[in-house]
Amino acid sequence: MDPEGLALLLPHASLATLADSWLREDCPGLNHAALVTGAAPSQAALWAKSPGVLAGRPFFDAVFAQVNCQVSWFLPEGSKLVPVARVAEVRGPAHCLLLGERVALNVLARCSGIASTAAAAVEAARATGWAGHVAGTRKTTPGFRMVEKYGLLVGGAASHRYDLGGLVMVKDNHVVAAGSVEKAVLRARRAADFTLKVEVECSSLQEAVKAAEAGADLVLLDNFRPEELHPTAATLKARFPSVGVEASGGITLGNLPKFCGPHIDVISLGLLTQAAPALDFSLKLFAEGASPVPRTTSPEAKEDDAGSG
């Protein structure tokens with residue numbers, strides 16, 4: 001899907017609510033620094049200082065909309081960033097620009113980092129000739145899920161279920177609570193009715209067969225080594241060709257190609273949201289009529305760029 005069109009997935013009310021909550025967290029009371037800058041009309045350039053995939057424009061826009069600033073973009077969503085790149089320009093009262101600065105940069109950096117990691121995972125999988133789905137998981141930051149799931153999509157990965165209502169996932173603890181795989185799947189099928197699929201986490205071929213026989217739509221082969229995964233998936237598919245097979249657990253960008261195979265439909269990685277490094281962006285004010293120039297940072301000072309705020 002064209003990354004530009006993905007913004008349509010984001011409800012305007014949800015964007016505004018998120019942006020408002022982030023700004024309130026950062027400035028719940030008096031903004032003393034506003035007296036330093038004043039309210040004169042100002043402009044700032046957004047610079048990308050590390051390579052990766054640009055993602056999170058709608059959230060960046062939403063933050064600045066809350067503080068009465070306007071954003072003009074020079075690069076589309078999903079662009080491959082080659083530093084140092086001028087990405088956008090923001091205009092508004094000086095104190096408003098700086099009120100939204102850190103919040104907007106944090107969201108953009110995090111979302112772009114996830115998109116970049118997702119894109120790397122998809123590229124690694126496609127290089128093997130595998131055509132299945134590289135997906136994220138529900139291992140997201142509380143209160144930040146919409147941003148992280150959106151970042152996965154911009155990077156070309158599948159978001160997996162957005163929340164508990166998107167798929168009935170029967171995990172090992174559900175099986176223990178229900179008493180058996182068969183009982184757990186039966187209850188899940190009743191809960192799912194005809195509107196949802198049922199997926200069962202399995203640690204052996206025997207469990208996977210029981211789950212498929214009980215009516216699971218998908219089987220998640222959890223923490224299988226590649227040499228165990230592929231024959232298990234092949235055996236399962238031979239008996240239940242319509243059952244989807246997902247591989248998860250212990251998968252990294254480095255070993256991902258080993259998990260790609262003809263009987264694997266989905267490969268999910270928690271690291272896409274849990275371990276993706278944020279990209280480096282900066283927002284620098286410049287005088288009206290002047291040409292914006294990125295501020296260079298020495299390698300030693302890079303980690304401390306812009307201080308703690």
Side-chain angles (χ1 to χ4, degrees), residues 1-26 44-48 50-82 85-92 96-97 99-123 133-138 140-163 165-166 272-273 276 278-283:
M1 181 181 291
D2 178 11
E4 282 283 270
L6 292 173
L8 297 175
L9 294 171
L10 306 172
H12 177 76
S14 297
L15 284 173
T17 298
L18 282 171
D20 181 67
S21 69
W22 297 330
L23 288 163
R24 288 179 184 274
E25 177 186 54
D26 200 40
L46 173 66
W47 300 96
S50 56
V53 175
L54 175 63
R57 283 184 24 167
F59 303 101
F60 191 91
D61 288 343
V63 169
F64 277 111
Q66 289 289 318
V67 293
N68 299 312
C69 294
Q70 298 75 45
V71 182
S72 299
W73 292 93
F74 304 133
L75 295 176
E77 192 80 305
S79 295
K80 290 187 177 180
L81 299 171
V82 179
R86 187 181 175 197
V87 179
E89 188 174 289
V90 187
R91 290 180 174 270
C96 293
L97 276 173
L99 177 59
E101 174 194 11
R102 177 44 53 196
V103 172
L105 288 175
N106 286 349
V107 177
L108 191 69
R110 180 73 178 139
C111 191
S112 295
I114 290 170
S116 302
T117 303
V122 171
E123 183 178 2
H133 300 282
V134 174
T137 68
R138 219 174 92 251
T140 56
T141 308
F144 208 61
R145 180 172 294 179
M146 181 176 286
V147 178
E148 294 177 346
K149 290 288 192 178
Y150 174 83
L152 290 172
L153 295 175
V154 174
S159 67
H160 215 300
R161 57 175 176 167
Y162 185 82
D163 53 33
L272 298 184
T273 49
L279 265 58
D280 188 11
F281 291 93
S282 66
L283 191 69

Keeping Glu4 on the side-chain end and Glu77 on the backbone end, is there a donor-acceptor pair under 3.5 Å? yes
Would you find a donor on one side and an acceptor on the other, under 3.5 Å apart, between the side chain of Arg91 and the backbone of Cys69? no
Which heavy atom of Gly52 sits nearest a heavy atom of Leu279, and at what distance? CA-CD2, 3.9 Å
Check whether Glu89 reaches the backbone of Leu46 with its side chain - one donor and one acceptor, N or O, closer than 3.5 Å. no
Measure from the side-chain N and O atoms of Lys149 to the backbone N and O of Arg161, and report whether any donor-acceptor pair falls under 3.5 Å. yes
Assess the side chains of Asp280 and Trp47: does a donor N or O sit below 3.5 Å from an acceptor N or O? no
Point-to-point distance, once rounded to the nearest 0.5 Å, from SG of Cys111 to CG of Leu152: 9.0 Å
Non-hydrogen atoms of Leu81 and Ala48 that approach each other most closely: CD1-CB, 3.9 Å
Heavy-atom donor-acceptor pair, Glu148 side chain to Thr141 backbone, under 3.5 Å: yes
Does the side chain of Tyr150 reach to within under 4.5 Å of the side chain of Val154, using non-hydrogen atoms? yes
Donor-acceptor contact below 3.5 Å, side chain Ser21 vs main chain Leu18: yes
Apply the test side chain to side chain contact (heavy atoms under 4.5 Å, CB included) to residues Phe60 and Leu54: give CA-CA distance (whole Å), side-chain angles for both, the deciding distance (0.1 Å), then the verdict. CA-CA 11 Å; Phe60 191 91; Leu54 175 63; over 6 Å; no
List the atom pairs, with distances to 0.1 Å, where a side-chain N or O of residues 5-14 and a protein N or O form a donor-acceptor pair under 3.5 Å, not counting sequence neighbours.
none

May I ask you to say whether Arg24 pairs ionically with Asp20, meaning some side-chain N is under 4.0 Å from a carboxylate O? yes
Do Ser116 side-chain atoms and Val53 backbone N/O form a donor-acceptor pair below 3.5 Å? yes
Say you draw a straight line from CG of Leu108 to CZ of Phe281; how long is it, rounded to the nearest 0.5 Å? 4.0 Å
Between Val63 and Gly100 the two heavy atoms that sit nearest each other are CG1-O, 3.7 Å
CD of Glu123: more than 12 outside heavy atoms within 6.0 angstrom? no
From Leu272 atom CG to His160 atom NE2, the distance as rounded to the nearest 0.5 Å: 11.5 Å
For Pro76, is there any backbone N or O sitting under 3.5 Å from a side-chain donor or acceptor partner on Ser79? yes
Would you call the rings of Trp22 and Phe59 parallel, tilted or perpendicular, taking 30° and 60° as the class edges? tilted
Side chain to side chain contact (heavy atoms under 4.5 Å, CB included), that's the test. Do Glu101 and Leu283 meet it? Break it down for me. CA-CA 7 Å; Glu101 174 194 11; Leu283 191 69; 4.0 Å; yes
Trace of the side chain to side chain contact (heavy atoms under 4.5 Å, CB included) decision for Arg145 with Tyr162: CA-CA 8 Å; Arg145 180 172 294 179; Tyr162 185 82; 4.1 Å; yes
Kindly say whether Ala55 contributes a backbone atom to a donor-acceptor pair with the side chain of Ser112 at under 3.5 angstrom? yes
Is there a side-chain contact between Phe64 and Leu99, using heavy atoms and a 4.5 Å cut-off? no
State whether a side-chain donor-acceptor pair under 3.5 Å links Asn106 with Arg110. no
